Amino acid sequence: MKSMGGYGNLDIATPYTELLDHRVLSMVEEISRNNETRLLVSQDLVDYVKDLPPRIHIRVRDKLFGGGFVGIGGIVLVIKHSTDYISLYSRQDYIIDIAKTYFNYLWNGSEVIQR
C-alpha cells in the first residue's frame, strides 16, 4: 500500500559515507515526512545520522557487507569494490522480497542508537 508521499516505506542500509551525503540525507528526511523510514548504519557512521529527525528509525550494526535502498518501487543494492561501487537495481517482486527479508534480518539483529 502506497503512502501519501507516493514512495511507500523506505529501508536503507549502508556502511558507506558516500551514501549519506547532504543530498541523500535531505531526500531521506523528505520521504520520512509521509512514510515509515528505517536507516541501518555501521558503527562508524552514527555521527552522520544521529541528528536526523526522530521519525526516522535508526539502528546500528558493527559491520555491514554492503548497502542499499529498499522501497515499494524497487531496490538498489550497492557494494564497494576497491575504489569503485557495483550496484544493482531491480523492480522484480521476488528480488524485492529477498531484499526486504534480508534487511529485516539485519534490522532485528541491530541496536537502537541513543539520540
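This is a predicted model, so every value here is computed, not measured.
Each of V78, V41, L40 was evaluated against T14; a single residue qualifies, V41, per the side chain to side chain contact (heavy atoms under 4.5 Å, CB included) test. The one candidate from V24, L25, L19, T17 that meets the side chain to side chain contact (heavy atoms under 4.5 Å, CB included) condition with D21 is V24.
Both I12 and V46 sit in one connected hydrophobic cluster of ILVMFWY residues. Membership requires side-chain heavy atoms under 4.5 Å apart, directly or through other members. A continuous path of Ile, Leu, Val, Met, Phe, Trp and Tyr side chains, each step under 4.5 Å between heavy atoms, connects L52 with I31, placing both in one hydrophobic cluster. Each of Y48 and L64 belongs to its own hydrophobic cluster when Ile, Leu, Val, Met, Phe, Trp and Tyr are linked at side-chain heavy-atom distances under 4.5 angstrom. By the rule that hydrophobic residues join a cluster once side-chain heavy atoms approach within less than 4.5 Å of another member, Y102 and Y94 end up as members of separate clusters.
To the nearest 0.5 Å, atoms OG (S110) and CD (Q43) are separated by 11.0 Å. For the atom pair D11 CG and E36 CD, the distance stands at 7.5 Å (nearest 0.5 Å). In this structure, the separation between CG on N9 and CG on N34 is 11.5 Å, given to the nearest 0.5 Å. From M27, atom CE reaches atom CZ of F69 across 7.0 Å, with rounding to the nearest 0.5 Å. Between I113 atom CD1 and L45 atom CG the span is 10.5 Å, to the nearest 0.5 Å. For the atom pair CZ of F103 and CG of N108, the computed distance is 9.5 Å after rounding to the nearest 0.5 Å.
Nearest approach of K80 to Y16, heavy atoms of both residues: N-OH, 2.9 Å. Residues V70 and K100 approach most closely at CG1-CG, 3.5 Å, considering heavy atoms. The minimum heavy-atom distance between I75 and A99, with the atom names listed, is CG2-CB, 3.8 Å.
Ion pair E111/R61 not flagged as a salt bridge, since none of the NZ, NE, NH1 or NH2 atoms sits closer than 4.0 Å to an Asp/Glu carboxylate oxygen.
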**Message:** Could you walk me through whether L20 and V49 satisfy the side-chain contact (heavy atoms from CB on, under 4.5 Å) test, starting with their C-alpha distance in whole Å, then the side-chain angles of each, then the deciding distance to 0.1 Å, before giving a yes or no?
**Reply:** CA-CA 8 Å; L20 291 176; V49 299; 3.8 Å; yes

**Asked** Taking it one step at a time, do R38 and L10 satisfy side-chain contact (heavy atoms from CB on, under 4.5 Å)?
**Response** CA-CA 6 Å; R38 299 186 298 174; L10 177 64; over 6 Å; no

**Request:** Go through the steps for F65 and I79 under the test side-chain contact (heavy atoms from CB on, under 4.5 Å), then give the verdict.
**Result:** CA-CA 7 Å; F65 170 72; I79 299 170; 3.7 Å; yes

**Asked** When you look at H57 and L39, which way does the side-chain contact (heavy atoms from CB on, under 4.5 Å) test go after all the steps?
**Response** CA-CA 6 Å; H57 307 282; L39 178 58; over 6 Å; no

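The backbone N or O of W107 sits less than 3.5 Å from a side-chain atom of R59, completing a donor-acceptor pair. At least one donor-acceptor pair closer than 3.5 Å links the side chain of T37 to the backbone N or O of N35.
With 3.5 Å as the limit, one finds no donor-acceptor pair spanning the side chains of S82 and D84. Side chain to side chain, S32 and R55 meet the donor-acceptor criterion of an N or O pair below 3.5 Å.
Between K63 and S42 there is no side-chain heavy-atom pair separated by less than 4.5 Å.
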